[in-house]
K.L.:
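Take this structure first; my questions come after.
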Amino acid sequence: MTRGYLIRRLLAIFLVLAIVTFAVFAITTVLPGNAAIMILGEYATPDAVAALERQLNLDQPWYMQYFNWVAGILRGDLGMSLRLSLPVSQVVGEAFLNSALLGATALVAVTVIAIPLGALAALKRGTAVDLAIGLFSYLGTALPEFVTATLLLVFLAAPNSGIFPAGGFVAPWGNIGGFAYHVALPAFTLGLILLAHISRQVRSEMAEVLSSDYIRAARLKGLTERRVIRRHALPNSLAPAVAVISLDIGYLLGGIIVVEEIFAWPGLGRLLMYALENRDLPVIQAVTLLLAGVYALSNLISDIVIAMLDPRVRYA
Amino acid sequence: MTPSLNPAVTETTKPALAIRNYSLSYRTANGIVAALKNIDLTIGKGQTVGLVGESGSGKSSMAWSIMRYLPPNAVEDGGAIRLAGEEILDYTPRQMADIRGRRMAMVFQDPSTSLNPTIRLGEQIGEVLMRHRGLTKVEAMQEAEAALARTGITRPKEMLQRYPHEASGGEKQRVVIATAFACEPELIIFDEPTTALDILTARQILDLFNQLREETNVSALYISHDLGLVSRVVDEVSVLHKGGIVESGRVDDVFRRPKADYTRQLIGAVPNPDRWIGIDAPANPDPLISLETIGVHYNAPTMLQKIFQPKEAEKAGFWGAKNVSMEVRKGELLGVVGESGSGKSTIAKVLAGLQDFDGKLQFDGKTFGSRKDIDRAYRRRVQLVFQHPDASLNPRQTIGTIIGRPLKLYGIVPADKVATRVAELLEMVRLPADYARRHPHQLSGGEKQRVAIARAFAAEPDLVICDEVTAALDVSVQAAVAELLVKLQKETGTACVFITHDLNLIRQLAHRIAVMHHGALVDFFDGPDARADDRDPYTKALLDAVPVHADMEAFDVA
C-alpha cells in the first residue's frame with residue numbers, strides 16, 4: 001500500500017462527505033415544519049417568527065444557508081443547537097463518545113465471539129456442534145433489535161428479576177464495572193444480529209480454506225493440527241470477515257438508534273431522535289454527517305486490515 | 001539376523017516402501033466404488049518407481065493411502081503398507097503426523113496452490129525443520145536457505161523473505177521440493193510435479209529431481225500420466241488401470257515389450273512426432289485469413305491516466321500480443337505453440353472476434369480494423385473450440401440443443417431438419433445419435449469435447465480454432481480427439497488453427513507451425529522443418545525440453 005493510495009482514499013472520503021453535506025442539507029431543508037415556529041410554539045406572532053428566522057439566517061436563500069453551514073464546518077464551527085442552547089460540537093461530541101463506547105463494545109464482543117464460533121463450525125462441519133452454532137446465529141439475525149431488546153428487558157431487567165438495569169449509562173472512566181453492567185444488554189442486542197453475519201462468513205471461508213491444497217500440504221508436512229489451524233487456516237479465513245465487519249458497521253449505525261432509544265443510552269441515536277422531533281436542524285445535520293464519516297472511515301480501515309492479512313492484496 | 005543364502009533377498013527384505021495386496025474403496029451415494037484393487041508395489045532403497053495411469057485410474061488414491069491421508073468415506077479392504085518394514089496401516093494419526101514430512105514427504109502437482117499464499121516461503125520450509133528436527137527459528141532459516149540453495153535457487157536468502165505470489169512457478173516448485181527434502185526423508189512421493197509447469201520449467205525441475213535423487217539416494221514414487229516423461233526419471237514402472245496394476249517391471253522392458261494390452265494402448269497414444277497423422281497439405285496455398293501487425297494491450301492505460309500520470313501509464317498493462325502478422329491458408333492445419341502467457345490464446349480470441357485488437361484482420365477479401373467490425377457472417381465462418389468442454393457446454397441444455405443452436409442461429413438447415421442434422425453431426429464425431437437427448441454431465445471428458453467439436457463444425461465454418469482442446473484430456477483420449485479433427489478436416493476441407501503446448505502432438509498434425517513467446521511471433525515454419533538448423537533458439541529450446549523416450553522411435557507400436 002503506497003502513501004499515494006492512502007492520500008487518494010482520504011481525498012475520496014472528503015469528496016463523499018462533501019456530497020453527503022449537500023444531501024443532508026437538502027433533506028433537512030425540505031423537512032416539513034418551520035424551525036422558528038417549532039421553537040416559538042404554535043401561537044407565536046408572525047413578527048416574532050420573522051425575527052427569529054432572521055436571527056437563524058432562515059430568511060436567506062438556501063444556497064447561502066448551505067454555504068454558511070459548510071463554511072462553518074470547515075472552521076470547526078457547527079453552530080448552536082436550536083433547542084439546547086449549547087454549541088452543536090459539544091452536544092454531538094458527548095453523544096458520539098457514548099455511542100462509540102456502545103458500538104465498540106458490541107463490535108469487539110461480536111468479533112471475539114463470532115470468529116472462533118465460525119472457525120469451530122467449519123472444523124466440525126456437518127456435526128451437531130455446527131448445526132447448533134448455525135441455528136443460534138441465524139436466530140439472532142432473524143430477531144430484530146426491538147424484539148431482542150424487549151425480550152431481554154422482560155427476562156433480565158424486569159423488576160422481579162432485575163439482574164441488569166433496564167436502561168441508563170455509566171461512564172467507564174473510573175467505574176468500569178458500572179459501565180459493563182449497563183452496557184451488557186444494549187451491546188448484546190446489537191451484537192446478536194451481527195453474530196450470524198460474521199460467524200457464517202468465517203465458517204464458509206474457513207471451510208473452503210480447510211479443503212484447499214495448501215492445508216493438505218501443511219498436514220502432509222506433519223505439522224501439528226494446532227499449527228495447521230492457527231497459522232495456516234485461520235489467517236486466510238479472516239480477510240472476508242473483516243470486509244463483512246466493515247459493512248456491518250453501517251448496519252450497526254442504524255441499529256444503535258433503535259437500541260439507544262430502548263435502553264435510554266445517551267448517544268447519537270437518542271440525540272438524533274430528539275433533534276428530529278424538535279427540528280433542531282444544526283444537530284440533525286451534524287449527526288448525519290458524522291455517521292457518514294464514520295462509515296467511510298471504517299471502510300478505509302477495513303481495506304488496510306485486509307491488506308495486512310493478505311500480502312497478495314496491493315493497493316497502488 | 002541370520003545370514004541369508006541369497007544376498008539379494010537380504011537386500012530386499014526391508015525395501016523403503018512395500019505395498020502388499022492392498023485394496024481401497026470409497027463409500028459414495030451410488031454404493032461402494034473400488035479405487036484400488038490388490039496392489040503390490042515395492043520401492044527399494046534409493047530406487048525410483050513410476051506409477052503411470054490416466055485420470056480415475058487410482059494413482060492419486062495410492063498416494064493418499066501411503067501418506068495415510070484418506071477422506072472419511074474411504075474404506076480400506078486389507079493388505080499392508082510398510083515403510084522400511086514398519087506396518088504404517090496400524091499407526092495412529094499422531095504417529096503418522098510424526099512420520100509425515102520427516103520420513104516421507106510429498107511434492108504436489110501445482111506449486112501455486114500447495115503453498116500457503118499468506119506465509120513467507122522461508123517459514124513454509126522452516127516450519128518442517130522446527131517441527132521434526134526441533135530447530136529454533138534462526139537455525140531453521142539457515143537450514144532452509146541451504147536447502148533452497150541445493151535446489152538451484154540463485155538467491156536463496158532473498159527467496160526466504162518472499163511470498164508465493166512473488167515467485168515464479170519454477171521457483172515455487174523448487175521451494176516445495178526443498179521442503180520435501182529438508183528432513184532427508186526415506187521416501188518422497190512426487191505427484192505429477194511438472195504437469196502444472198511450463199515446458200522449459202518442467203524440464204529444469206526434472207533435471208533437478210534427477211540430480212537430488214543422485215545426491216541423496218532417496219527412494220521415490222513418481223506418479224504421472226505422461227509415459228514419455230516417466231521413462232526419463234524412473235528405474236521401474238507400474239501401470240495402473242481402473243484401480244489395478246496391469247503391468248510392472250523395469251522401465252525399458254515395459255516400454256519395449258509391453259505385455260498388457262492397456263500398456264500397449266497407452267504407449268501407442270503417446271504422440272510421436274515422427275508419425276504423421278494429418279492430412280496432405282493443401283495443393284494451392286490460398287490465404288484464408290491474414291493478421292497484419294495485430295496487437296492486444298491488456299489493461300491499457302485510460303485516457304485520464306495518460307494525461308495525469310504519464311509515467312505510470314507507460315508501464316500500465318501488458319501486451320498480450322504485439323506486432324503479430326501471419327496468415328492461415330485454406331484447408332490447412334496451422335499449429336500455434338507457446339508456453340502459458342505467450343499470447344497464443346490471445347491470438348485465438350482475436351481470430352474468433354472475442355478480443356479488441358490493434359492492426360488489421362483480412363478475411364476473404366474483407367478487412368476488419370477492429371473487433372466491432374466483425375459481423376455475423378464472419379462469426380459463422382470462424383468457430384472456436386475451447387479447452388474445457390465442462391465450461392463451454394451449458395450444463396442445463398441437452399446435447400441436441402447445444403449442437404442444434406448454431407444450426408438454428410445461422411439457418412444452416414430448415415427447422416424441421418435440425419434433429420436429423422444433429423444426428424448426422426454426432427455420427428461425424430463418432431458419437432451415438434441418441435446422445436442428443438443426454439446432458440453434458442452424462443458424458444466423459446473426451447465425449448464432451450467431441451460434442452464441442454460437433455457444435456463448431458455445425459456452423460459449416462471455413463476455420464475452426466482449437467484452443468488447447470486436448471490439454472484437459474487423458475493421453476489415450478487426446479490421440480483420438482486429434483485424429484477426429486483430422487478426419488473432419490479431410491471431410492469438410494475446413495482450415496484449422498490448433499493451439500497447443502504439446503510439441504510432439506502438433507508435429508504429427510500441423511502443416512505449418514507458429515511459435516509464440518511473450519506475445520511475439522518468434523518463429524514460423526513448415527512442419528517437417530521443425531528440426532532445421534535455422535530455427536529460432538527458443539524453438540530449439542522448446543523442442544529439446546519435450547520428453548521423448550529415447551527408444552520410442554525404436555519400437556513400432558502401431
K.L.:
Just wondering, do A:L220 and B:Y69 contact through their side chains at under 4.5 Å, heavy atoms?
P.N.:
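Yes, side chains in contact.
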K.L.:
Give a yes or no on whether B:E184 atom CD has more than 12 heavy-atom contacts from other residues, nucleotides or ligands under 6.0 Å away.
P.N.:
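Atom CD in B:E184 is not packed in, count stays at 12 or less.
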K.L.:
Walk me through whether A:H232 and B:E127 qualify under side-chain contact (heavy atoms from CB on, under 4.5 Å).
P.N.:
CA-CA 11 Å; A:H232 286 264; B:E127 63 184 356; 2.9 Å; yes
K.L.:
Just so I know, are the side chains of B:Q124 and A:Y214 near enough to count as touching, which here means a heavy-atom distance under 4.5 Å?
P.N.:
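Side chain of B:Q124 against side chain of A:Y214, heavy atoms only: no contact under 4.5 Å found.
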K.L.:
Which atom pair, heavy atoms only, marks the closest approach of A:P311 to B:P117?
P.N.:
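Nearest pair, atom of A:P311 first, then B:P117: CG-O, 3.6 Å.
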K.L.:
Crowded around B:R133 CZ? As in, over 12 foreign heavy atoms under 6.0 Å?
P.N.:
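Counting neighbours around CZ of B:R133, more than 12 heavy atoms of other residues, nucleotides or ligands fall under 6.0 Å, so yes.
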K.L.:
Report, in residue-number order, which members of residues 100-109 of chain A are under 4.5 Å from chain B by heavy-atom distance.
P.N.:
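When heavy atoms of chain B are the reference, residues 100-109 of chain A contributes no residue within the under-4.5 Å range.
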K.L.:
So which heavy atom on B:T118 is nearest to which on A:L309, and how close?
P.N.:
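Taking every non-hydrogen atom into account, CG2-O, 3.7 Å.
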K.L.:
Name the atoms and distances for all side-chain donor-acceptor pairs under 3.5 Å in residues 189-197 of chain A, with sequence neighbours left out.
P.N.:
from	atom 1	to	atom 2	distance (Å)
A:T189	OG1	A:L185	O	2.8
A:H197	ND1	A:D248	OD1	2.7
A:H197	ND1	A:D248	OD2	3.4

K.L.:
Would you compute the distance between atom CE of B:M67 and atom CZ of A:R219 and round it to the nearest 0.5 angstrom?
P.N.:
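If I round to the nearest 0.5 Å, the distance is 13.0 Å.
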K.L.:
Please determine if A:R227 and B:E123 form a salt bridge, counting it only when a charged side-chain N lies under 4.0 Å from a carboxylate O.
P.N.:
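B:E123 and A:R227: salt-bridged.
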K.L.:
Quick check on the interface: out of A:A217, A:P235, A:A218, who has the most heavy-atom pairs with chain B under 4.5 Å?
P.N.:
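Top count of heavy-atom pairs under 4.5 Å with chain B: A:A217.
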K.L.:
Is A:R231 in contact with chain B via its backbone, its side chain, both, or neither, using a 4.5 Å heavy-atom distance?
P.N.:
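Interface part for A:R231: both.
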